[in-house]
Amino acid sequence: MRGTMMDFPLTIQPILERAGKLFPAVEIVSRQPDRSLKSTTYGEIYLRSRRLARALELAGMARGDRVATLMWNHSAHLEAYLGVPVSGGVLHSLNLRLHPDELAYIANHARDRYLIVDDVLLPVYESFRANANFERVFVVPFSGGKIPRAHENYEDFLSAADDEFVYPLLEENEAAAMCFTSGTTGKAKGVVYSHRALVLHSLTQSLTDCFGISHNDVLLPASSMFHANGWGLPFTATMVGAKLVLPGPHVDAESLLDLIEGEKVTLACAVPTVWFGVLAALEKYPGRWKIANPVRIICGGSAVPESLLRGLDRFGFHITHLWGMTETAPLATTGLIKSTLAHCTEDDKYKIRAKQGVPAPFVELRVMGAQGEAPWDGATSGELEVRGPWIAATYFEAPETADRWTADGWFRTGDVATIDNEGYVKILDRSKDLIKSGGEWISSVDLENALMCHPGVREAAVIGVAHPKWQERPLAVIVAKEGVSVQPEELREFLATKFAKWQLPDAFVFATEIPRTSVGKFLKTKLREQYANWNWGR
Ligand code: ADP
């Protein structure tokens, strides 16, 4: 017997429509290139997204055509996030920090037809223009300056359209957006999100037990809108009508803290390196920012060390840890403390919060060890596999990657993890980052997290470096806190209380910074190159 409910497609259209009808007065604040703040509303975004949809239609955009963006986080990018998919197009946000060759490769591989680019990012576009194939390029006057004559002005493109936009009837499994993996490892691969996946992802993301994004939030997505589907936040925020505060190009710690204070932000999202910077600024300038409310932070993309959780708690910033990937839209786990664990000591709760959390509803996880599926015992490790309604089932036109999926339909994440008896996932490493020493594995993440608990350490990255006897041995790259001097011996002793002797790094080198990926993660491939010829005899 079939249910008697309506077969109502899950698409982005009702998300935009509802925001336009119910939340027209809710503000969206964007930081401009000159640092001033520009305010608009969901009412305006509604009109302009539909205008964009109509303009693209008149420009001949067909269903499934890709519209690329090369933009910072600001209101026009939100318009594209909404306007492109509601008209049947596919929003493809390009990572503006990539090398020109990679940008050209990605835009060509995706067969992007149109590009919307911020005027301040024209130099990035120019850097790969010769190798790209956009039919039309629209330049957003983000800085308020004149658009060079050679280019089409995005505002003119919008004004030339009429208000006749009618939502096309979309199927929920049609493509809405696409994003390429940020390329921390290997060549970038495309993930195409369906309308249905994004709607279900938004509904889940807004749950109190996940990100808890509600209409009453003031949300600051400091994670880039070009990283991992903008973390799904543009859709979820619009769905619930949360006030948005978009940082534009100013994503340094002090600018973010100014926004958090000035706009009374209640929820902010970014990778851990952003929050290392925020913590350092809060410690450096005590009392400078008056943060009225506790600020909830959603943090993931790489492991969140316990020291960061504790450090930010002291200033009223409460981190919820998440694990996710471009391939998982990205929400897969969140650091919910279960009611049955509420009795745990504060110390134990920090240990739980430093794990990557429990799977979100509808996301299924398993760890595949050498002996098959690992028990949930918190000890048996293996590759983490995932499946669910917003998990990629293939990469975009990349048949050579088919082995990333198992025969029974799970996605192989490339992360090595354990799951404990309460369902908490602990990521030990990316499989490529695990350090293989004398036939044993050492988790670089565990060492990094422990090192970052040392009071003199601001950041630490640990890599495996080839060793004549042990195959690989760990080397730690340390950024000390400003004005603090730390000695290798002291760090060794500090770690020796938590790790076996063979797991301790054999070398500690001091640096002023750790190289970052295009989305702000530690760039371990670069470190491995840098220290490839390390002389262990020294
Ligand atoms: P890239 O692989 O290029 O970095 P993604 O941003 O999609 O692109 O990265 C997903 C990967 O980031 C995961 O497979 C995992 O290795 C890492 N990651 C994400 N969240 C966490 C987390 N909370 N803890 C540890 N690693 C994480």
Side-chain angles (χ1 to χ4, degrees), residues 93 95 97-99 102 106 178-191 193 201 210-211 223-233 269-276 297-306 308-309 319-336 352-360 363 365 367 381 383-386 390-392 395 401 404 410-419 424-434 443-449 452 461-462 515-526:
S93 48
N95 180 338
R97 295 210 181 86
L98 294 182
H99 187 275
E102 198 163 13
I106 289 173
M178 80 187 295
C179 203
F180 279 66
T181 57
S182 62
T184 303
T185 55
K187 210 168 185 57
K189 295 172 285 290
V191 175
Y193 307 103
H201 182 265
C210 286
F211 289 11
S223 41
S224 310
M225 279 162 88
F226 56 75
H227 178 219
N229 182 36
W231 292 27
L233 299 167
C269 308
V271 293
T273 46
V274 168
W275 302 113
F276 292 144
I297 290 175
I298 305 292
C299 185
S302 52
V304 179
E306 197 179 314
L308 187 63
L309 297 169
I319 290 189
T320 298
H321 197 168
L322 89 109
W323 168 83
M325 309 177 72
T326 305
E327 294 86 337
T328 67
L331 169 64
T333 69
T334 39
L336 159 80
I352 298 173
R353 287 175 56 200
K355 291 188 179 181
Q356 277 70 12
V358 296
V363 173
L365 294 173
V367 164
S381 64
E383 184 171 14
L384 187 62
E385 295 183 354
V386 58
W390 53 87
I391 312 299
Y395 287 120
T401 58
R404 292 292 302 272
W410 294 71
F411 173 63
R412 295 195 170 107
T413 64
D415 285 347
V416 179
T418 59
I419 304 179
Y424 287 88
V425 174
K426 182 166 189 260
I427 303 286
L428 302 179
D429 242 323
R430 290 180 190 248
S431 47
K432 292 194 176 108
D433 291 340
L434 264 177
S443 156
S444 66
V445 174
D446 277 352
L447 286 167
E448 288 161 4
N449 288 351
M452 286 190 271
V462 178
R516 305 272 205 257
T517 71
S518 59
V519 295
K521 305 186 191 189
F522 292 160
L523 185 52
K524 293 204 180 171
T525 44
K526 179 88 180 281

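Model, not experiment: these values are computed from the prediction. One-based numbering, in listed order, for ligands and for the atoms of each.
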- prompt: In terms of atom number and element, which parts of ligand 1 are under 4.0 angstrom from non-hydrogen atoms of Trp323?
  reply: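 With Trp323 as reference, the close atoms of ligand 1 come out as 13 (C), 15 (C), 18 (N), 19 (C), 20 (N), 21 (C), 23 (N), 27 (C).
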- request: Any atoms of ligand 1 less than 4.0 Å from a non-hydrogen atom of His227? List them with their elements.
  value: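 Checking each atom against His227, I get 6 (O).
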Tell me whether [X] has any N or O atom under 3.5 angstrom from an N or O of ligand 1.
| X | result |
| --- | --- |
| Cys299 | no |
| Asp415 | yes |
| Thr413 | no |
| Ala303 | yes |
| Gly300 | no |

- prompt: So, Lys426 and Asp446, do they make that salt bridge, N to O below 4.0 Å?
  reply: yes
message: What I want to find out is whether Lys524 reaches Glu448 closely enough, with some N-O distance under 4.0 Å, to be called a salt bridge.
response: yes
query: Does any non-hydrogen side-chain atom of His227 lie less than 4.5 Å from one of Arg97?
result: no
query: Taking all non-hydrogen atoms of both residues, which atom of Pro330 and which atom of Ala228 are closest, and how far apart?
result: CD-O, 3.8 Å
Option with minimal heavy-atom separation from atom 2 (O) of ligand 1, where the choices are Met325, Lys189, Arg430: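 Minimum heavy-atom distance to atom 2 (O) of ligand 1 goes to Arg430.
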message: I'd like to know if Ser302 contacts ligand 1, where contact means a heavy-atom distance under 4.0 Å to any ligand atom.
response: yes
task: Mark the output for Gly324 as yes if a heavy-atom distance to ligand 1 is under 4.0 Å, and as no if none is.
output: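 Gly324: in contact with ligand 1 (<4.0 Å).
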- request: Can you label the angle between the Phe411 ring and the Tyr395 ring as parallel, tilted or perpendicular, going by 30° and 60°?
  value: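 Taking Tyr395 first and then Phe411, their aromatic rings stand perpendicular (interplane angle over 60°).
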message: Under 4.0 Å, heavy-atom basis, I'd like to know which part of Leu322 is in contact with ligand 1: side chain, backbone, both or neither.
response: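 Backbone only.
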- request: Apply side-chain contact (heavy atoms from CB on, under 4.5 Å) to His321 and list each qualifying residue two or more places apart in sequence or on a separate chain.
  value: Val304, Gln356
- request: Applying side-chain contact (heavy atoms from CB on, under 4.5 Å), name anything that partners Leu365, two or more places apart in sequence or on another chain.
  value: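 Result, side-chain contact (heavy atoms from CB on, under 4.5 Å) vs Leu365: Trp323, Thr333, Pro359, Val363, Leu384, Val386, Ile419, Val425.
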query: Knowing that exactly one of Ile391, Thr181, Asn229 qualifies, which makes a side-chain contact (heavy atoms from CB on, under 4.5 Å) with Glu327?
result: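 Going through Ile391, Thr181, Asn229 one by one, the side-chain contact (heavy atoms from CB on, under 4.5 Å) with Glu327 is satisfied by Thr181 alone.
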